Each structure stands twice: as structure tokens, then as C-alpha cells.
Protein chains: 2
Amino acid sequence: MATADKRAKLREDLIDAAEAAVSVNGLSGIKARALAEAAGCAVGAIYNVFPDLDALIYEVNARTLRRLDAVLAGTTEAGDGPETAMRKLALAYHRFSRAERRRWTAVFAHQIPDGAMPPEWYLGVVAQLFRHIEVPLATLLPDSTPAMRNGLARTLFSASHGIVSLGLEEKLGPAPDEVIANALVVMTRSWVLGLPGAVAPPTRPER
Amino acid sequence: MATADKRAKLREDLIDAAEAAVSVNGLSGIKARALAEAAGCAVGAIYNVFPDLDALIYEVNARTLRRLDAVLAGTTEAGDGPETAMRKLALAYHRFSRAERRRWTAVFAHQIPDGAMPPEWYLGVVAQLFRHIEVPLATLLPDSTPAMRNGLARTLFSASHGIVSLGLEEKLGPAPDEVIANALVVMTRSWVLGLPGAVAPPTRPER
DNA sequence: CAGAATTTTGAACACCGTTCAGATTTTCTC
DNA sequence: GAGAAAATCTGAACGGTGTTCAAAATTCTG
């Protein structure tokens, strides 16, 4: 086998091993020595295909994000109104975070040093997720610009994420599934009712 | 000095040292050996007053939570309407998270093992924070029960936290202060407009 | 103040990510 | 295909981590 192919295979094997480790023991389940054994290489070989374990973690997390993207893409139907679509998306997100608990926690548990930013290609994968929310936003706010919708999509995603993730980690106390799901339903309903009035600034529009 | 007092002093000194370490280098700035030197004791002495470093971290994070609690207590005024109060609270939260960046990140970066829960007393400190949101909620939703308001307060806190924290860590890409602040303003306005209709279930209320 | 009980100590342990000189393999040249 | 050169892989070793525990130092007791 050509060396380039071997490199590619080792990369893939390592990501596979890392993903398996994450889904069993979370982000801290990624250990250089264990990965090397699982992928059938020496510890040092990891550093031939990845600069460090952080880069490997990005690969694992990107897979999780793409998996969520695929799920979200299949949740809404053509005829769904804005409220139905948003509720479906939020609940699908919640279900996904529960079903893929460890993998999903890893996406946000991954801490990067001080002012560092994730790699460009990774942010691209993240950006894809917002597209799903932009669709119902367009019908809910017909007068909005694409830029506005993108910003709002980020806001709504962040808000939903806060509800889901704080519930998931039970940082604020016990949070059963149904309670979180109900919170998401109320939240999306509130957005559909309130957003059209909220995005229009309180200054009286010119006539 | 009596041994009980020495113990208490060592505890305090260690929390002080840990808090200082966190505010300079974040959660990972807490190192057993460095703390021992700063507090003037042996490494092993830490484990006489704390079961492990996790317990020490809870103490540091509780201080941060109490500090936020004090800030939130001073943000709203008697005459504020629901929208003004909620907006002030959200923006104060945002300002706090920026001003105390490292300390605040530590509160949520602290990962606890699998199904473990934070200690009881710590959850009590967290619960205090929701009280601030319950006040404007009571005037916005006069027919709501205290339990409903508490649940909603948790939801709104979680949502605001999602917006603030994902912005803070820049996990979704660059997020300048003004963008986050604007998102919070739109969000709170949307809640005030939408929540009264959203909490009432879609089933027609009996007359 | 002697002796028992307690507290404090810090070297040692197990583990971590990462490195790098040397062994090994692959590639290139003739 | 032989031999040299280049690239790759290897795993012991390094510096770091949280935690432990036998021994030393201290405090309490009668």
C-alpha cells in the first residue's frame, strides 16, 4: 500500500477509535496510548497524522455535528408552518443530544486555550446547522434580510442549546426529559408569537 | 491557634489561592502543588480539608455565583416593567460574564463524572439566581403559579446562558459584544410579547 | 511532662500528552 | 535488483498531573 494511503487509513482508524472512546467514556476517554493500541500503531505515530489530540477531537466532533445535521434535515416536512417546524427542530435537537449523550457533550466540553478559534473547516460544519432554522424564520419574518435571519438563527440555536445542555448536564438540578421538552415547546411557541414584534424596533416605523 | 481554626484558615487560604489561579488561567489553572505553595502548606494537606480538587472547585464557583447574585440583585429598580427588568437582568448577566470571563467560564467548564450531581448546598446557591427572573415573570404572567414561574425562570436563564456562553467561547464563530447584547434584547422583547400566549396551552380555555 | 492521639508532611505512585534518537521501511537512482 | 538516501515509524523517556500514605511533627490528655 502506498504511504499516502496508509496515512489516510491510519487517520481514519484513529478517528474511529477516538469516536468509540468518546461514546463510551466521553471526551476524557480519549487517551493517546489506548488510541494507538486500538488503531494498531505506536503512540508516536498519532503525531505523524495529527498535530495533537485536539485536532483529533475536532474530527470526532465534526462527525457528530454532521450526524446532527443529517437528523435535522429529515425532521421538517414541506407543509410545516413556522411553529411546527421550529418545534420539530428543537425537539429533534433535544432527542439527538439524549441519544448521543456522550458524543454530544464532547462537542461542547472541548475547551480550547484562551483566545484560540476552532479551525475554519470546523466552523463551516457548524454553520450548516443554522440553515435549518433559517427556513421557518423566512416564512415567519417575510421582511427580514438573509443576514438578519442568520443572526437570529444563531441566537435561537444558542438559546435552545442552553436549555438542552444545562438540562443534559443537570447543572441547575434534576431535569427530566419531559420538563426539558416542554420548555422547548413553550420557548418555540413564544418565539413564533413574539419574534415578529420583537425584531421590529420599538421606534415607530415610518409610514 | 486551635487546630479547628487552623483548618478553617487553611480552607479559606486554599479557596483564595484557587480563585486567584482560576481568574488568571481558568479552571485548568488549579494545580495541587501550586495551591499548596500559595497557601503555605504541603500538597497532602489539601486532602485534609477537601476530599479532592473537585470540592475546592465547587467552593470557587459558588463564590462566583454569589457574586453574580449580588450584581443581579442591584440591577432592577422598583418601577421597572417586565420587559425592562428582564432586559436589564440579561444584559447584566452578559456584562458579568465578560468582566469575570475566566471565573465565569470555570463555573460551566467544571465537568462532573457521568451521573454525579453537584452537592446540595451548591444547587441552593444556583437556585437563588432564578429568583431574580421570577419577579418580572410574576407581573408578566399574573395567572401563573409559583411552580410555573420557577420552571420558566430556569428555562429563560438557560436560554440566556446559551446565548451568552456560546458567544463567550466563540464556539459558533466570532461574536462581538454588541451582537450578543442585541440578541439578548431581541430575545427578552420576544419573550415579553410571546410568553403570555405561549404558556396558555393551545387548547381553548374553559369559560 | 510523658505518652497517646492527631495532624502534617512530601516522596512515591500511576497516569497523562508529547517528544525524538534510533530502528525500520519505503522510495529513488543507477 | 542492489545499494544508497529519504521518509516513516517506534517506544522509552520527559515533564507534568492528582492522589496516597508511612513516617515525622504536633497537639491533646491525664
Side-chain angles (χ1 to χ4, degrees), chain A residues 1-22 24-61 106 109-114 116 119, chain B residues 1-22 24-61 102 106 109-114 116 118-119:
Chain A
M1 188 167 5
T3 75
D5 290 349
K6 272 174 56 178
R7 265 181 85 93
K9 176 167 183 353
L10 179 57
R11 257 186 77 93
E12 211 70 17
D13 287 350
L14 281 171
I15 301 174
D16 288 346
E19 193 176 14
V22 166
V24 174
N25 289 319
L27 198 55
S28 61
I30 293 188
K31 310 282 173 68
R33 286 163 182 79
L35 291 181
E37 184 169 16
C41 70
V43 277
I46 297 174
Y47 298 87
N48 294 333
V49 281
F50 292 107
D52 50 33
L53 291 190
D54 259 28
L56 179 49
I57 291 173
Y58 275 120
E59 294 291 342
V60 173
N61 287 345
H110 184 205
Q111 301 278 343
I112 39 183
D114 217 54
Chain B
M1 184 166 9
T3 75
D5 289 351
K6 271 174 55 178
R7 264 181 86 92
K9 180 174 183 339
L10 179 57
R11 255 186 80 92
E12 211 71 17
D13 287 351
L14 281 171
I15 302 174
D16 287 346
E19 193 177 14
V22 165
V24 174
N25 288 320
L27 198 55
S28 59
I30 293 188
K31 310 283 173 68
R33 285 161 183 80
L35 291 180
E37 185 170 15
C41 70
V43 278
I46 297 173
Y47 297 87
N48 294 333
V49 281
F50 293 107
D52 50 33
L53 291 191
D54 259 28
L56 179 49
I57 292 173
Y58 275 120
E59 294 291 343
V60 173
N61 286 346
R102 297 220 174 65
H110 183 205
Q111 301 279 343
I112 40 183
D114 215 54

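Values in this document were obtained by computation on a predicted structure and should not be read as measured data. In the text below, chain A, chain B and the rest are named by the order of the sequence lines, each starting its count at 1.
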| message | Could you tell me how far apart A:I46 (CD1) and C:dC16 (C1') are, to the nearest whole angstrom? | response | 12 Å
| note | Testing D:dT20, C:dT19, D:dT27 for proximity to the side chain of B:K6, the answer is D:dT27
| query | Rounded to the nearest Å, what distance is computed from the NZ atom of residue B:K9 to the C1' atom of nucleotide C:dT7? | reply | 17 Å
| request: Would you kindly give the OH-to-C1' distance between A:Y47 and C:dT18, to the nearest whole Å? | output: 5 Å
| message | What I want to find out is whether B:R102 reaches A:D114 closely enough, with some N-O distance under 4.0 Å, to be called a salt bridge. | response | yes
| query | For the side chain of A:K31, counting heavy atoms from C-beta on, which of D:dG11, C:dC16, C:dT26 is nearest? | reply | C:dC16
| request: For A:L35 and C:dC16, give me the distance from atom CG to atom P, rounded to whole Å. | output: 11 Å
| Within this structure, what is the CD-to-C1' distance between B:E37 and C:dT9, rounded to whole angstrom? | 15 Å
| message | By the 4.0 Å heavy-atom rule, please label B:L10 as base, sugar-phosphate, or nothing. | response | nothing
| task | Taking the side chain as every heavy atom from C-beta outward, state whether B:N48 and B:L10 have any atom pair closer than 4.5 Å. | result | no
| query | Within the structure shown, what part of the strands sits under 4.0 Å from A:L56 by heavy-atom distance: base, sugar-phosphate, or nothing? | reply | nothing
| field | Side-chain N,O (A:N48) to OP1/OP2 (D:dT8) below 4.0 Å | value | no
| task | Specify the residue among A:R33 and A:A45 whose closest nucleotide of DNA chain C lies further upstream toward the 5′ end. | result | A:R33
| Looking at the side chain of A:C41, which of D:dT10, C:dT8, C:dT18 is the nearest nucleotide? | D:dT10
| How long is the line joining CG of B:L14 and P of D:dG18, in whole Å? | 13 Å
| Rounded to the Å, how far apart are B:R7 CZ and D:dT26 C1'? | 15 Å
| query | Which value, rounded to the nearest 0.5 Å, describes the distance between B:E12 atom CD and B:L14 atom CG? | reply | 10.0 Å
| query | How many Å lie between CG on B:N25 and P on D:dT17, as a whole number? | reply | 11 Å
| note | CG (B:L53) and CD (B:E59) are apart, to the nearest 0.5 Å, by 12.5 Å
| query | Would a distance-only check, ignoring hydrogens and angles, find a side-chain to backbone donor-acceptor pair under 3.5 Å from B:D52 to B:A55? | reply | yes
| request: Side chain of A:A42 only, please: which of D:dT27, D:dG11, C:dA11 is the nearest? | output: D:dG11
